[in-house]
Amino acid sequence: MKYRFFPTLSEEELREVQLQGLKWTVNHAYSGSKQYKQKLKAAGIEPQAISSLEDLQHLPFTTVEDLREGYPLPLLSVPEEEVVRIHASSGTTGKRKVLAYTQKDIDIFKLMLARCFELAGLTPLDRVQIAVGYGLWTAGAGFQLGCEYFGAMAIPIGPGNLDMQLQLLTDFQSTCLCSTASMALLMAEQVKKNNLLDKINLKKAIFGAEPHTPKMRKYIEETLNLEDTFDIPGMTEMYGPGTGLECKAHEGIHYWADLFIIEILDPSNLKPVAPGEVGEMVVTSLCKEAVPLIRYRTRDLTRFIPGKCSCGLNFPRHDRILGRSDDMFIFRGVNIYPGQIANVLEEFPELSSEYQIRLYRQQGLDFMEISVEQKENTSISENLPPRIEQKIKEKILVSAKVKIVPPLALPRSFGKSKRLLDERNGES
Ligand code: DLL
């Protein structure tokens with residue numbers, strides 16, 4: 001298949017693109033940003049010394065602290081007059097991460113998203129309901145730019161406003177929804193509640209910004225009667241949404257290896273994990289001008305998927321983002337990721353995809369309560385909570401109290417869902 005927005009590159013040509021991009025990036029960061037120059041000098045790196053892709057492993061890491069340190073325009077590597085836009089992530093603690101863009105960065109950003117739309121099989125006749133936040137967040141602007149560049153019709157509604165979402169779905173016959181996974185769930189629930197399935201024409205959904213479980217996805221697909229759905233990763237630091245996309249074969253996420261290099265490292269020693277093992281994704285941009293990234297520690301956990309994809313696209317793949325290393329919480333001495341709890345809940349067909357974990361402290365002891373929703377039209381037997389508690393104990397080695405709540409009882413989100421409430425500092 002011939003793609004419009006993808007270059008045809010042999011493996012050797014791709015490595016050459018990466019090497020040239022790496023040389024350019026190190027040189028550009030060194031000469032353009034004092035902050036980078038200091039970091040590279042301290043690590044004994046002279047840009048001219050980069051002669052092969054293997055040299056990447058000698059470069060120092062960049063972290064979120066580097067971004068915060070240089071606030072408001074961290075790691076800026078071009079003169080300010082070349083900056084045409086900023087975006088920022090809505091970090092929950094501390095200062096926002098602000099990332100600047102040159103016009104070329106914006107052009108690459110829109111190329112990434114156009115690739116996503118192409119890989120998802122959209123055509124210029126698609127009508128794309130963009131139900132993510134506009135403004136400082138990258139999501140709205142990114143999907144919009146990419147959709148227009150691809151040539152489909154953008155319907156830029158933003159998140160929330162469910163009545164208007166439903167109205168646009170029916171009046172405009174939107175064919176593709178772009179949103180967070182939580183917002184897609186909410187839309188599915190609203191379409192069901194209002195009995196609108198016969199009146200809408202949605203065929204595809206592209207969702208990301210947070211992990212989702214197979215159960216959540218199945219509910220969205222079935223309730224909206226979709227032909228296909230696609231997981232889309234991305235982060236503010238690397239332009240925004242659309243660093244890759246799951247293809248129609250659903251065998252992993254293809255990422256744009258001509259625009260950035262991914263390493264998967266063991267977070268404890270920062271060495272590469274064994275092939276196919278889970279580790280932290282570390283990214284290095286190859287043509288990012290305003291804020292190049294050199295070995296940026298994303299904290300996202302995933303693994304490479306080796307081999308060729310049956311879809312035929314010659315771009316490498318990583319697995320879904322399984323969670324973030326900083327999502328991990330320590331409960332009674334055990335390290336736990338919310339995704340592990342989700343995996344246990346996934347096994348019980350009587351439950352919906354929605355859950356919330358609450359940690360609290362009483363008389364100096366930590367407790368965990370997991371609220372999980374009953375699936376609609378199922379009956380719950382009395383022994384379900386203890387069975388789930390037992391499974392959690394077996395799989396995660398901790399005791400938790402499981403509370404089954406009625407369908408739709410847990411809070412819904414227009415953006416990213418908050419699965420963990422840690423109330424342990426306010427001891428009762
Ligand atoms: O969430 C960009 C985005 C918007 C991606 C809309 C997809 C759709 P940030 O707010 O900077 O950017 O958050 C980035 O969100 O490091 C991951 O931890 C998480 N994340 C993003 N996409 C996915 C996904 C946007 N598909 C952080 N699955 C990343 C799981 C995701 N986690």
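All ligand and atom numbering here is 1-based and tracks the order in the structure.
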Item to complete: Return yes or no for this condition: an N or O of S89 is under 3.5 Å from an N or O of ligand 1.
Response: no

Fill in: Residue-ligand contact R299/ligand 1, heavy atom below 4.0 Å
no

Fill in: Any N/O pair I321/ligand 1 closer than 3.5 Å
no

Worksheet, complete the sentence: Minimal heavy-atom distance between L76 and S33, with the atoms involved, is O-CB, 3.3 Å

Worksheet item: Looking only at non-hydrogen atoms, which of E237, H87, M235, K416 approaches atom 1 (O) of ligand 1 most closely?
Response: K416

Item to complete: Using atom types as modelled and distance alone, determine if a side-chain donor or acceptor of E237 lies under 3.5 Å from a backbone N or O of L99.
Response: no

Discussion item. Taking the basic N atoms (NZ, or NE/NH1/NH2) and the acidic carboxylate oxygens, is any pair closer than 4.0 Å for K39 and E69?
Written reply: no

Discussion item. Could you work out, for atom 21 (C) of ligand 1, the closest of P233, G208, G234 by heavy-atom distance?
Written reply: G234

Practice prompt. Using a strict 4.0 Å cut-off to heavy atoms of D231, name the atoms of ligand 1 that fall inside it.
Written response: 24 (C), 26 (N)

Practice prompt. Validate the cation-pi geometry between R419 and Y355: distance from NZ or CZ to the six-membered ring centre under 6.0 Å, angle to the ring axis within 45°.
Written response: yes

Fill in: Option with minimal heavy-atom separation from atom 30 (C) of ligand 1, where the choices are E210, H212, R324
E210

Discussion item. Pair K204, T175 - check side chain to side chain donor-acceptor pair (under 3.5 Å), show working.
Written reply: CA-CA 6 Å; K204 291 175 180 161; T175 54; over 6 Å; no

Item to complete: Indicate yes or no: at least one non-hydrogen side-chain atom of F304 is less than 4.5 angstrom from one of I262.
Response: yes

Response to the item:
A student comparing D300, T236, T302 should find that the heavy atom closest to atom 16 (O) of ligand 1 comes from D300

Discussion item. Under 3.5 Å between any N/O of S179 and any N/O of ligand 1: does that happen in this structure?
Written reply: no

Worksheet item: Just which atoms of ligand 1 are under 4.0 Å from any heavy atom in A139?
Response: 4 (C), 6 (C)

